[in-house]
Amino acid sequence: MQDIKPRDVQVASVGAGDTSVVRSRTWERLKFEVEYSLQRGTTANSYLIQADKTALLDPPGESFTEIYLQQLQQCINLSQLDYIILGHVNPNRTVTLKALLELAPQVTLVCSKPGAVALRTAFSEQELKIWVPRADETLDLGQGHQLQFIPIPTPRWPDGLCTYDPKSRILFTDKLFGAHVCGDEVFDENWKLLDEDRRYYYDCLHAAQYRQVEAALDKIAPFRAKFYAPAHGPIVRYSLSRLTHDYQQWSQQQTDKEMSVALIYASAYGNTATLAQAIAKGITKAGVAVESINCESAEPAEIEAAVEKCDGFIIGSPTLGGHAPTQIQTALGIVLSTAAKTKLAGVFGSFGWSG
Ligand SMILES: Cc1cc2nc3c(=O)[nH]c(=O)nc-3n(C[C@H](O)[C@H](O)[C@H](O)COP(=O)(O)O)c2cc1C
């Protein structure tokens with residue numbers, strides 16, 4: 001059997017020295033996410049900015065809670081941590097977040113508006129200090145670290161939020177510009193070797209939300225970042241313009257495809273969403289464009305436009321309390337009144353007992 005290194009946490013300096021990356025590394029294949037199937041492991045990147053105030057970005061999931069906190073406590077005294085910024089709220093991270101809040105109850109959580117709703121649901125028993133920055137609001141950590149925030153909503157992460165630090169010119173891109181690879185390199189000096197992994201990552205995570213990715217690229221362009229600091233894989237330093245261009249190209253390729261499928265779904269606990277991602281990946285692989293629509297965050301006009309335009313559509317729903325959720329029922333109404341009867345249709349779902 002192949003020897004697999006144990007999980008570990010690597011800390012390295014980024015930029016001017018007051019910013020660090022804390023990389024929670026797993027070296028093996030993870031089976032719970034479709035996109036991990038390349039078997040090259042991954043890193044869950046968390047970032048620490050230590051100025052007059054201290055901010056921590058994106059603590060990792062629960063499989064790292066203990067070793068991550070051990071490493072973090074060697075970098076800072078948690079009683080002096082001021083902010084935790086969340087690029088998106090993931091139920092898998094709740095355990096680490098809970099542990100952090102016990103050690104640092106003074107902390108203010110910073111996230112998008114939908115992120116705040118998800119946080120309040122996950123921590124329904126606890127009073128949280130949450131700050132949702134408005135479009136024109138910044139977070140001043142002192143010493144030039146005046147953080148700006150860019151909401152990047154996508155079907156898969158409706159609460160996505162990027163953060164820009166003008167001092168270090170780092171754009172914390174969360175799910176954009178990542179790669180599922182694990183190694184010692186903190187930066188992308190060997191970026192040519194990352195081509196395949198980056199494309200695979202895009203295809204798995206972003207191809208089915210290419211419209212929102214295009215919108216995101218337009219939003220982040222004015223910041224003129226020098227580094228992209230993603231949630232997974234190496235920090236993008238040497239290939240920033242190349243990777244930005246790749247994302248534009250790959251998104252354009254989706255638009256140019258001859259056939260397209262609208263993938264309409266809702267998911268309360270993530271199971272139907274996981275199925276939707278696997279289906280999207282399969283369709284993308286077959287050379288057909290997919291437009292993912294998460295009914296919980298999509299406007300009716302968006303569903304209508306996608307159904308009109310597509311060559312076929314697929315609807316996915318969980319069963320909750322014996323029914324499809326209201327958002328799916330609304331979407332079905334739109335489909336019935338919009339779609340030509342000749343359009344190909346498919347359904348999938350996730351349920352426990354009644355079907
Ligand atoms: C509050 C609640 C109500 C549920 N009601 C039903 C039901 O009526 N029939 C059924 O077959 N499964 C039921 N389930 C199981 C879900 O359908 C199942 O967990 C499904 O995978 C959830 O999909 P999601 O993660 O995409 O939301 C219920 C689950 C929950 C938590």
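Values in this document were obtained by computation on a predicted structure and should not be read as measured data. Note that ligands are numbered from 1 as they come in the structure, with each ligand's atoms numbered from 1 the same way.
A distance of 6.0 Å or more separates the ring centres of W191 and Y238.
Using a cutoff of 4.0 Å between basic side-chain nitrogens and carboxylate oxygens, D311 and K257 are not scored as salt-bridged. The pair R199-D246 does not count as a salt bridge, with every side-chain nitrogen at least 4.0 angstrom from each carboxylate oxygen.
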In sequence, state the C-alpha distance, the side-chain angles, and the governing distance for Y83 and K129, and then conclude on side-chain hydrogen bond (donor to acceptor under 3.5 Å, both in side chains). CA-CA 10 Å; Y83 301 99; K129 277 187 257 173; over 6 Å; no
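At least one side-chain heavy atom of L72 sits under 4.5 Å from a side-chain heavy atom of L56.
Under the 30°/60° scheme for interplanar angles, the aromatic rings of H232 and H180 are found to be tilted.
Around ligand 1, the residues contributing at least one heavy atom under 4.0 Å from the ligand are S267, A268, Y269, G270, N271, T272, P318, T319, L320, G321, G322, S350, F351, G352, W353, S354, G355.
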